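Just so we're on the same page: letters track the sequence lines, and every chain starts at 1. In this text the structure is predicted, and so the values were computed from the model without any measurement.
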There are 2 protein chains.
Amino acid sequence: MATGRTHRPATRSRGIPEATVARLPLYLRALTALSERSVPTVSSEELAAAAGVNSAKLRKDFSYLGSYGTRGVGYDVEYLVYQISRELGLTQDWPVVIVGIGNLGAALANYGGFSARGFRVAALIDADPAMAGRPVAGMPVQHTDDLEKIISENGVSIGVIATPAGAAQQVSERLIAAGVTSILNFAPTVLSVPDGVDVRKVDLSIELQILAFHEQRKAGEEAAAAGSAPAPSAPSGDGGVADAPGGAGAAPVAAVEPPAGRAAAALRKNGPEGEVPAVMPA
Amino acid sequence: MATGRTHRPATRSRGIPEATVARLPLYLRALTALSERSVPTVSSEELAAAAGVNSAKLRKDFSYLGSYGTRGVGYDVEYLVYQISRELGLTQDWPVVIVGIGNLGAALANYGGFSARGFRVAALIDADPAMAGRPVAGMPVQHTDDLEKIISENGVSIGVIATPAGAAQQVSERLIAAGVTSILNFAPTVLSVPDGVDVRKVDLSIELQILAFHEQRKAGEEAAAAGSAPAPSAPSGDGGVADAPGGAGAAPVAAVEPPAGRAAAALRKNGPEGEVPAVMPA
DNA sequence: TAGTGTGAACTTTTTCACAGCG
DNA sequence: CGCTGTGAAAAAGTTCACACTA
């Protein structure tokens with residue numbers, strides 16, 4: 001993302017495509033599972049299935065790492081685990097701090113998979129003085145005042161932000177000033193960070209909205225297709241999704257105000273073009 | 001992902017690129033913030049900055065939705081909020097169930113932004129009988145036995161899985177059989193689902209591993225560049241990241257076993273090619 | 001005049017298909 | 001023979017740059 005791709009063509013031909021990097025952890029997980037079952041080798045086909053990708057893509061991905069397979073046989077599981085781990089930088093362990101120990105932060109702190117693979121929670125940090133010293137996941141929560149000290153004393157370069165949205169930008173600035181160069185952001189905000197700092201975000205509501213988009217599309221197509229293709233097992237008798245039966249009394253009210261005023265002018269421009277049913281203001 | 005792109009070219013030219021769909025929630029959030037500050041219009045430049053993308057991309061994205069801007073002026077905030085909301089299917093509200101009320105599930109249930117934008121938590125479900133009836137986020141946890149009933153009675157089409165990895169596949173199957181067609185998966189597993197079901201995954205450890213990759217790369221480049229480019233404010237005197245000063249005594253031990261046995265054979269093939277320092281077995 | 005909307009160029013990612021090797 | 005490794009083609013996504021218009 002902010003990995004300054006333009007001004008340095010990587011130390012040689014060592015440029016692994018970003019899309020590939022993003023899949024390596026997937027392969028690694030699948031391989032680890034195989035390793036635990038003492039499976040000695042896998043074919044690209046099998047491994048791809050386990051990782052949920054297609055085999056051509058997997059082979060191409062691996063080809064960026066080197067020729068680690070054996071033609072006619074497949075890949076040596078242990079060896080590949082090692083190579084991918086190394087490529088991902090998991091042969092060393094990374095101290096990580098979690099900032100914001102609310103519901104989510106605490107859940108993250110308790111998450112086992114954290115320490116499992118090369119990461120170590122070095123500290124939990126929260127701005128609430130009442131939290132200070134209280135143990136979460138067997139570790140005392142420390143106060144934000146000590147953030148800089150904690151970062152530098154532990155050589156932390158990866159920070160996890162689980163604060164409310166309002167605090168996230170400021171926290172990121174302090175983390176970065178203290179030496180952090182990679183941030184995993186759970187707060188629903190866009191962080192602006194200097195070049196050379198990587199940010200990845202995890203956002204529940206964005207993911208849900210993407211699903212809603214596809215869900216809506218499905219509902220539309222289903223309706224259009226009438227009774228031809230079998231609907232994927234519609235629940236009760238009614239239209240299924242578009243109209244939520246009032247469980248807790250929350251009727252399907254429009255969650256968003258229809259436009260009015262100056263918006264109406266813009267609206268006129270396109271008019272209620274096809275696809276738009278109901279909800280559209282009169 | 002599993003959106004069967006091959007066997008139906010979408011109902012016309014209504015094909016909004018997936019990459020664009022993934023950004024719409026971002027724009028929506030930025031627009032909502034502007035709306036709350038009663039800003040009437042924004043330029044692509046301003047909005048793009050707020051959403052953390054560049055303006056050309058934003059304009060292109062919007063062009064897939066229609067011509068909603070005004071040349072020389074910009075976009076009407078309210079109107080755009082409405083259009084994007086509609087496009088994403090947020091003008092109706094979507095009942096959602098959360099399965100797996102552990103640390104994470106509870107955190108999700110408590111997450112405000114959930115209900116804020118078109119989503120309503122219809123039920124919390126857990127397999128642990130001890131959890132049944134206990135209130136979480138002001139809502140009684142229900143037992144997995146009633147999963148199917150809950151789904152169909154509430155017309156739920158979106159499910160969130162926050163169970164341990166081992167349970168996730170089975171839970172997804174039950175959800176799908178009961179009528180769910182979109183799943184947000186927090187469990188660290190690949191779910192295999194039938195065509196027509198969308199799955200999005202959120203995976204902490206994958207994100208961290210991707211960050212570690214870039215972090216490692218940075219450390220490498222930094223070392224290579226010697227004292228030329230100024231390191232992004234190195235904490236204490238030493239090399240910064242590659243070597244974590246023993247805070248809690250956890251030295252940077254190799255987290256992964258070096259290969260051996262049959263792996264060694266494969267190793268010989270490539271030999272200890274350049275880039276690989278230390279850690280490599282003798 | 002300021003800023004949208006968009007063809008066209010370019011980049012990245014995916015897929016195909018098959019030569020080549022153990 | 002079976003399966004990897006990879007060029008080459010196709011598709012998807014991004015960026016450029018400018019005509020156009022409110």
Quick one: which protein N/O atoms are closer than 3.5 Å to N/O atoms of nucleotides 2-4 of chain C? Pair and distance per line, please.
| unit_1 | atom_1 | unit_2 | atom_2 | d |
| --- | --- | --- | --- | --- |
| C:dG3 | O4' | B:Gly72 | N | 3.2 |
| C:dT4 | OP1 | B:Ser44 | N | 2.5 |
| C:dT4 | OP2 | B:Ser44 | OG | 2.5 |
| C:dT4 | O2 | B:Arg71 | NH1 | 3.0 |

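Applying the 4.0 Å criterion to OP1 and OP2 of D:dT15, one finds that B:Asn54 has a side-chain N or O inside that range. The shortest distance between the side-chain N/O atoms of A:Lys60 and the OP1/OP2 oxygens of C:dT13 is not below 4.0 Å.
Following rounding to the nearest Å, B:Tyr64 (OH) and C:dT6 (C1') show an atom-to-atom distance of 10 Å. Distance, B:Leu58 CG to D:dC16 C1': 16 Å, rounded to whole Å. Counting to the nearest Å, the P atom of D:dA12 and the CG atom of B:Asp61 are 16 Å from each other.
Every residue meeting the salt bridge (charged side-chain N to carboxylate O under 4.0 Å, His left out) condition with A:Lys218, not counting sequence neighbours, appears here in chain and number order: A:Glu215, B:Asp198. Partners of B:Ser43 by side chain to side chain donor-acceptor pair (under 3.5 Å), not counting sequence neighbours, listed by chain and number: B:Glu46. With sequence neighbours left out, B:Gln216 forms a side chain to side chain donor-acceptor pair (under 3.5 Å) with no residue at all. Scored by the salt bridge (charged side-chain N to carboxylate O under 4.0 Å, His left out) test, B:Glu207 finds A:Arg200 as partners (sequence neighbours excluded). Legend: residues meeting side chain to side chain donor-acceptor pair (under 3.5 Å) with B:Ser44, ordered by chain and number and at least two apart, are B:Arg59. In this structure, the side-chain contact (heavy atoms from CB on, under 4.5 Å) partners of B:Ala48, at least two apart in sequence or on a different chain, are B:Val53, B:Ser55, B:Leu58.
Residues from residues 25-36 of chain B lying near DNA chain C, meaning a heavy-atom separation below 4.0 Å, are absent.
Listed by first and then second residue, the ring-ring contact (aromatic ring centres under 6.0 Å, His included) pairs that reach into residues 22-55 of chain A are A:Tyr27-A:Phe62, sequence neighbours excluded.
Checking B:Ala56 against A:Lys57, the closest nucleotide of DNA chain C that is more toward the 5' end is the one next to B:Ala56.
Looking at every heavy atom in both residues, B:Leu191 comes nearest to B:Gln169 through CA-OE1, 3.5 Å.
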